[in-house]
K.L.:
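Could you have a look at this structure, given as structure tokens, before my questions?
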Amino acid sequence: MYNHSSIDKKWQKRWEDEGVFHAEDFSDKEKFYCLIEFPYPSGSGLHMGHPRSYTALDILARKKRMEGFNVLYPIGWDAFGLPTENYAIKTGRKPQEVTKENIDTFRRQLQSLGISFDWSREVNTTDPSYYKWTQWQFLEFFKEGLAYKDKMAINWCVSCKIGLSNEEVVGGACERCGGEVEKRDKEQWMIAITKYAQRLLDDLDTVDYLPKIKKQQQDWIGRSEGAEVDFTVDTDLSGYNILGLHAFRDDSKEAFWPWLSAELEGRGASVTVLDLPNPSEPNIEEQIKFIKESYTFNEKTIVITHSLGGVAAMKLLPTLDTPVSHVIMVAPPVNVELLDGKERPALRDCCDWKFDFGAISKMAKRFTVLADKNDPAVPQDHPVQIANNLRGELVVAEAEVGHFNGKEEPVILSQLIPSIEVFTTRPDTLFGATYMVLAPEHPLVSTIVTDDKRAEVEAYVKAASKKSDIDRGDGTKEKTGAFTGAYAVNPANGAQIPVWVADYVMMGYGTGAIMAVPAHDERDWAFAKAFDLPIVEVVSGGSVDAEAYAGEGLSVNSDFLDGKKVDEAKEEMIAWLEKNGHGKKTVNYKLRDWVFSRQRYWGEPIPLIHCDSCSPETGGWIPVPEDQLPVELPEVDQYQPTDDGESPLSAITDWVNTECPTCNGPAKRETDTMPNWAGSSWYFLRYIDPHNDEAFADMKKLEYWMPIDLYNGGMEHTVLHLLYSRFWNKVMFDRGHVPVSEPYARRHSHGLILAEDGTKMSKSKGNGIDPDEVVDKYGADTLRMYEMFVGPFEEPAPWNTKGMIGTRRFLDKVARLPDMVSISEDKEVTKALHKTVKKVGEDIENLRFNTAVAQMMTFINVVNKHKALTKESLLMFMYTLCPFAPHIANEVAENLGATGFVEQQKWPAYDESQVVDDVITLAVQVNGKLRATLEVAPDAPQQEVEAAARANENVAKFVEGEVKKVIYVKGRMMNFVV
RNA sequence: GCCGCGAUGGCGGAACUGGUAGACGCGCGGGACUCAAAAUCCCGUGAUGGCAACAUUGUGAGGGUUCAAGUCCCUCUCGCGGCACCA
């Protein structure tokens with residue numbers, strides 16, 4: 001029994017004192033950057049799983065150093081996040097303190113394992129000198145137009161009081177606490193990762209990841225090719241009278257109104273366009289009088305106003321006796337300053353510029369405002385329809401010639417004749433589309449629903465919105481839905497098909513609407529059966545009365561596609577759609593934009609300031625200037641999450657209130673913080689230059705070290721963390737801050753260490769094993785070796801303390817080896833040694849540590865058999881063992897008189913002639929069954945072997961009569977076929 | 001439901017490109033040393049039959065290809081992981 005405690009501490013101190021593992025920037029040696037996922041320093045201390053990954057890469061790092069590489073093997077702390085914050089709240093302490101304590105524990109525990117980290121490069125995501133650069137990089141996203149704020153239905157965890165990204169909702173429940181998740185509308189910072197979807201997919205071809213990891217990335221991005229198809233809602237406008245109020249712009253008069261009239265008259269409407277008098281200096285009373293004299297309003301009236309025409313309408317409409325059918329205001333001039341900068345006293349006098357949308361909406365069955373979503377003057381909470389960026393084109397660009405550009409007009413027209421855009425991967429089945437379905441959240445639902453169906457549809461939509469994702473996605477998959485009363489036209493054959501609302505269609509994918517082809521889609525088939533909708537077969541090969549058929553076949557009932565194979569038919573149909581303006585080829589991704597806001601305290605503050613009077617183009621958001629970074633997290637006593645879902649930071653008024661960096665006026669800080677994923681998306685860059693305060697890392701150093709040669713981590717991070725960090729790196733690459741577009745040249749993953757009962761180690765089950773105890777009782781080398789020996793690195797393995805004792809016995813045998821040192825050794829020992837060096841070296845490169853350990857055990861067994869080996873052989877073995885059990889290897893080497901560290905020795909070279917056997921055991925089979933074994937030279941000629949085999953009594957017994965064939969595989973076996 | 005991976009002694013696991021299945025370790029049985037124990041060392045250890053040599057059988061189940069299958073092909077069962085009405 002050797003004394004592991006003193007040996008462990010002695011060598012750990014020496015390594016650290018002499019900086020043996022410090023990586024050198026710009027060395028002449030070839031670089032090797034190996035990376036483990038840095039730990040989250042939780043309060044429960046190091047988990048048994050951590051040493052597995054860290055030791056594995058430590059072995060590789062140590063071997064690479066001995067092979068002459070300049071190795072970077074760094075460590076740090078991913079320390080922002082909920083568990084610490086929750087623990088701090090519970091114990092009434094500050095997250096800063098708790099974090100520091102946890103890190104100290106983790107550091108001590110990791111150091112007790114003798115991992116060859118370069119501790120001089122330690123990073124900590126919660127350190128202001130680190131998150132300064134996280135914030136800086138966020139601003140790079142912002143400047144690139146990749147960060148935007150959007151109101152959206154988010155997943156809200158009721159118990160954590162936190163918004164969760166889709167990725168953090170597992171089976172409809174919160175990933176962290178397992179609690180209930182509901183939908184809530186919240187303004188969130190989003191990052192447009194979807195813009196990088198294709199590159200994130202394509203560049204997987206350039207990296208070496210485990211196939212299953214690549215596949216998970218691909219599946220998550222979820223690319224599918226297909227077509228976008230437009231279905232026009234069949235709208236009958238006969239009996240309606242459209243009243244256009246024209247003011248102010250001549251080009252509208254010449255182009256817009258005639259075009260609109262033609263479109264609407266084709267649908268049976270009559271159109272009246274009134275030229276309002278004196279539009280640029282209007283007298284509103286005069287205009288109203290003119291309208292009243294020229295036109296009689298009734299309930300079939302549809303009012304369309306354009307720009308300044310809205311002013312008169314706004315005053316007039318609330319005074320009418322009868323309500324009108326519909327009012328559409330296109331870009332009403334809701335904010336005079338934004339109009340064109342010109343003062344218009346006449347307008348100002350007649351109107352206070354605060355449109356009373358409420359009064360108008362009472363006079364119209366439907367009321368639509370088409371205006372800029374971001375215009376603060378447009379009341380967002382009012383039930384008006386908001387379109388994007390319309391005002392910019394239609395009003396402000398007054399001086400520009402010809403606003404009639406074909407981009408905005410369809411939006412206007414679609415208010416009266418809506419069209420439904422769908423995404424399909426099967427355009428070849430368009431002739432089989434017998435109905436359509438909108439997601440309950442689809443904005444067109446309320447537009448197209450007919451009056452007699454409105455109540456029913458509204459009730460259905462309301463019920464759907466209450467359902468959680470579990471109810472919608474899980475369970476019976478029984479189809480529910482409601483008919484809107486509206487019909488759309490199938491562009492392929494002109495057929496009228498009913499439009500339904502059903503929750504089996506998701507707003508989040510594609511366009512939120514589908515064409516349903518029940519004959520060839522399982523879900524559509526089930527829905528059609530449930531609601532008795534027609535099923536039309538358009539691909540032959542199945543029996544669509546019994547079930548949907550999604551296989552190969554030839555098109556039928558499909559006019560010009562008939563007789564074509566699926567792939568061919570898809571192409572033809574896309575060509576047809578494009579030619580006739582009904583759609584086009586498109587690609588869709590499952591990947592969603594990244595919800596980047598958290599309403600919690602313990603995270604990086606988002607470094608933006610909101611000013612009411614500056615930067616309207618970004619919604620008033622202004623980056624904190626670089627020289628004011630980092631925006632430090634204020635240390636406060638109260639940081640509990642709020643019930644209303646606002647960030648705790650919003651309550652700290654003297655932090656929130658600040659100055660606008662642009663105009664120096666009063667402004668407010670953004671109070672949301674960043675998600676945990678932020679700091680971990682780029683930490684590998686900081687390791688390269690951890691103390692730089694001019695940049696997150698020096699470009700020259702990045703060029704030297706990047707990319708990472710091997711990155712190892714858990715399978716649980718192979719989707720999100722890997723994707724986010726690849727994306728983050730690509731954005732930095734595009735902005736010229738990093739030299740490579742893919743950060744990880746090779747990615748591997750380790751299996752979990754399970755508890756002795758084969759389940760996950762967990763606090764609640766009390767089945768955890770404490771690394772401290774194991775190190776204390778058995779030593780660091782035992783723990784390291786056991787975790788390598790326990791099974792294949794990438795597969796989960798149950799902990800077994802008894803099994804670990806076997807590796808300790810092995811190390812005890814190692815400690816006794818010096819007693820056997822002698823001036824000569826048996827040939828078998830020499831051969832075993834060289835074989836061991838060869839196999840261990842190869843196994844390390846292939847990350848097959850378990851068989852490397854087994855080989856070293858075999859070697860010891862051979863030595864023990866002969867009880868003698870030379871000092872040189874023992875040293876050579878110590879060099880081979882050192883990556884696995886560095887403490888004892890160094891100790892034994894030192895006791896043999898070696899100076900310096902084993903880590904500074906050269907990795908041993910094996911002698912090729914020593915790894916081949918002089919004599920091998922050859923299997924002799926008869927009819928494939930083993931009958932004897934022969935000791936022969938590996939390259940013995942067939943004749944000789946055959947003679948020896950036939951001479952064998954047992955073989956001869958079975959080889960009676962004619963031998964049909966003799967198969968001889970040199971060095972392996974001989975088979976007699978009789 | 002779909003996709004991926006896996007299933008080998010009492011246990012964790014080996015087995016290159018189809019060529020002696022069970023390396024290595026744990027456990028178990030026997031023995032040596034010891035007054036005794038611990039530690040250490042030696043022998044044995046898939047199952048069945050046999051004193052033994054050896055024979056039969058054996059890698060989740062069933063079928064196939066091959067001189068030869070844990071390994072390749074088909075069908076199925078179970079387990080693990082991922083996705084989950086993704087149009």
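Here is the naming used below: chain letters follow the sequence lines, and residue numbers restart at 1 for every chain. The figures here come from the full heavy-atom set of this structure, side chains too, leaving out hydrogens, waters and symmetry mates.
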K.L.:
Heavy atoms only, 4.0 Å cut-off, all strands: where does A/P792 land among base, sugar-phosphate and nothing?
P.N.:
sugar-phosphate
K.L.:
So does A/R848 get a side-chain nitrogen or oxygen closer than 4.0 Å to the phosphate oxygens (OP1/OP2) of B/C24?
P.N.:
no
K.L.:
Check the chi torsion on B/G44 and let me know: syn if it falls within 90° of 0, anti if not.
P.N.:
anti
K.L.:
Where each residue is assigned the nucleotide of RNA chain B containing its nearest heavy atom, which of A/K929 and A/K802 is assigned the position nearer the 5′ end?
P.N.:
A/K802
K.L.:
Among B/A87, B/G19, B/U20, which nucleotide sits nearest the side chain of A/T424?
P.N.:
B/A87
K.L.:
Whole Å only: how far is the CD atom of A/Q216 from the P atom of B/A84?
P.N.:
12 Å
K.L.:
Would you kindly give the NE2-to-P distance between A/H866 and B/C41, to the nearest whole Å?
P.N.:
16 Å
K.L.:
Would you find more than 12 non-hydrogen atoms of other residues, nucleotides or ligands less than 6.0 Å from A/E794 atom CD?
P.N.:
yes
K.L.:
Pick the nucleotide of RNA chain B nearest each of A/T933 and A/P796; which residue has the one closer to the 5' end?
P.N.:
A/P796
K.L.:
Please tell me which of the listed nucleotides, B/G25, B/A14, B/A87, lies nearest to the side chain of A/N850?
P.N.:
B/A14
K.L.:
Looking only at the side chain of A/P798 (C-beta and beyond, no hydrogens), which of the listed nucleotides B/G19, B/C26, B/G12 gets closest?
P.N.:
B/G12
K.L.:
So A/V969, base contact, sugar-phosphate only, or nothing? Heavy-atom distance under 4.0 Å.
P.N.:
base
K.L.:
Below the 4.0 Å mark, does B/G13 have OP1 or OP2 next to a side-chain nitrogen or oxygen of A/N800?
P.N.:
no
K.L.:
Can you check the distance between B/G44 and B/A7, where both ends of the measurement are the P atom (answer in whole Å)?
P.N.:
30 Å
K.L.:
Can you tell me which nucleotide in B/A55, B/C85, B/G19 comes closest to the side chain of A/F958?
P.N.:
B/A55
K.L.:
What's the shortest heavy-atom distance between A/P798 and A/Y786, and which atoms?
P.N.:
O-OH, 3.9 Å
K.L.:
What is the nucleic acid contact for A/D524, judged by heavy atoms within less than 4.0 Å: base, sugar-phosphate only, or nothing?
P.N.:
nothing
K.L.:
Of the options B/A23, B/A21, B/A87, whose atoms approach the side-chain atoms of A/A854 most closely?
P.N.:
B/A23
K.L.:
Testing the basics here: between A/F859 and A/V829, what is the closest heavy-atom pair and its distance to 0.1 Å?
P.N.:
CE1-O, 3.7 Å
K.L.:
Between B/U56, B/C26, B/C24, spot the one nearest the side chain of A/N861, thanks.
P.N.:
B/C24
K.L.:
Taking 4.0 Å as the cut-off, does a side-chain nitrogen or oxygen of A/R809 come that near to OP1 or OP2 on B/C26?
P.N.:
yes
K.L.:
What does A/K867 touch in the nucleic acid at a heavy-atom separation under 4.0 angstrom: a base, only the sugar-phosphate, or nothing?
P.N.:
nothing
K.L.:
Indicate whether OP1 or OP2 belonging to B/A68 is found under 4.0 Å from a side-chain N or O atom of A/N927.
P.N.:
no
K.L.:
Expressed as a whole number of Å, how far does the C1' atom of B/U56 sit from that of B/G63?
P.N.:
23 Å
K.L.:
Report the nucleotide, chosen from B/C41, B/G19, B/G12, that has the shortest atom-to-atom distance to any side-chain atom of A/M973.
P.N.:
B/G19
K.L.:
If you check every side-chain atom of A/V790, which of B/G12, B/A87, B/G4 has the closest atom?
P.N.:
B/G12
K.L.:
Work out how far the C1' atom of B/G6 is from that of B/G27, and round it to whole angstrom.
P.N.:
25 Å
K.L.:
Could you spell out the base pairing of RNA chain B in dot-bracket, with Watson-Crick or G-U pairs whose two distances are under 3.5 Å, [ ] crossing and | to another strand?
P.N.:
(((((((..(((......[....)))((((((.......))))))((((....))))..(((((..]....))))))))))))....
K.L.:
What's the CG-C1' distance between A/N588 and B/A87, to the nearest Å?
P.N.:
9 Å
K.L.:
Decide whether A/Y504 and A/D524 meet the rule of one side-chain donor and one side-chain acceptor closer than 3.5 Å.
P.N.:
yes
K.L.:
For nucleotides B/G4 and B/C73, find the distance between their P atoms and express it as a whole number of Å.
P.N.:
13 Å
K.L.:
Which atom names give the shortest non-hydrogen contact between A/A513 and A/E421, and what distance separates them?
P.N.:
CB-O, 3.7 Å
K.L.:
To the nearest Å, how far apart are A/Q217 CD and B/C83 P?
P.N.:
13 Å
K.L.:
Quick check on B/A55: is either OP1 or OP2 less than 4.0 Å from any side-chain nitrogen or oxygen of A/R931?
P.N.:
yes
K.L.:
Between A/R784 and A/P883, is there a donor-acceptor pair closer than 3.5 Å when you use the side chain of the first and the backbone of the second?
P.N.:
yes
K.L.:
Step by step, would you call A/T480 with A/Y460 a side-chain hydrogen bond (donor to acceptor under 3.5 Å, both in side chains)?
P.N.:
CA-CA 9 Å; A/T480 61; A/Y460 181 78; 2.7 Å; yes
K.L.:
Without decimals, in angstroms, what is the distance between A/F810 CZ and B/G12 P?
P.N.:
23 Å
K.L.:
Looking at B/C41, B/G19, B/C24, which one has an atom nearest to any side-chain atom of A/N975?
P.N.:
B/G19
K.L.:
Name the residue from A/R809, A/R808, A/R816 that meets the salt bridge (charged side-chain N to carboxylate O under 4.0 Å, His left out) definition with A/D812.
P.N.:
A/R808
K.L.:
Expressed in whole Å, how much space separates the P atoms belonging to B/A52 and B/A47?
P.N.:
14 Å
K.L.:
When you check the phosphate oxygens OP1 and OP2 of B/C24, does a side-chain N or O of A/T851 lie under 4.0 Å from one of them?
P.N.:
no
K.L.:
Is the count of non-hydrogen atoms from other residues, nucleotides or ligands lying under 6.0 Å from A/E571 atom CD greater than 12?
P.N.:
no
K.L.:
Have a look at A/Q925 and say if it touches a base, only the backbone sugar-phosphate, or nothing, with a 4.0 Å heavy-atom cut-off.
P.N.:
base
K.L.:
A/S224 near the nucleic acid: base, sugar-phosphate alone, or nothing, with a heavy-atom cut-off under 4.0 Å?
P.N.:
sugar-phosphate
K.L.:
Tell me what A/D812 touches on the nucleic acid: a base, only sugar-phosphate, or nothing, going by heavy atoms under 4.0 Å.
P.N.:
nothing
K.L.:
Quantified in whole Å, what is the C1' atom distance between nucleotide B/G13 and nucleotide B/C24?
P.N.:
8 Å
K.L.:
For the pair made of CG in A/L930 and P in B/U57, what is the distance, rounded to whole Å?
P.N.:
13 Å
K.L.:
Could you report the tightest heavy-atom contact between A/F483 and A/V499, atom names first, then the distance?
P.N.:
CD1-O, 3.3 Å
K.L.:
State whether A/R816 places a side-chain N or O below 4.0 Å from either non-bridging phosphate oxygen (OP1 or OP2) of B/A39.
P.N.:
no
K.L.:
What is the nucleic acid contact for A/D219, judged by heavy atoms within less than 4.0 Å: base, sugar-phosphate only, or nothing?
P.N.:
nothing
K.L.:
Using a 6.0 Å cut-off, check whether atom NZ of A/K585 has over 12 heavy atoms from anything other than its own residue.
P.N.:
no
K.L.:
Counting side-chain heavy atoms from CB outward, which of B/C85, B/C3, B/C24 is closest to A/K479?
P.N.:
B/C85
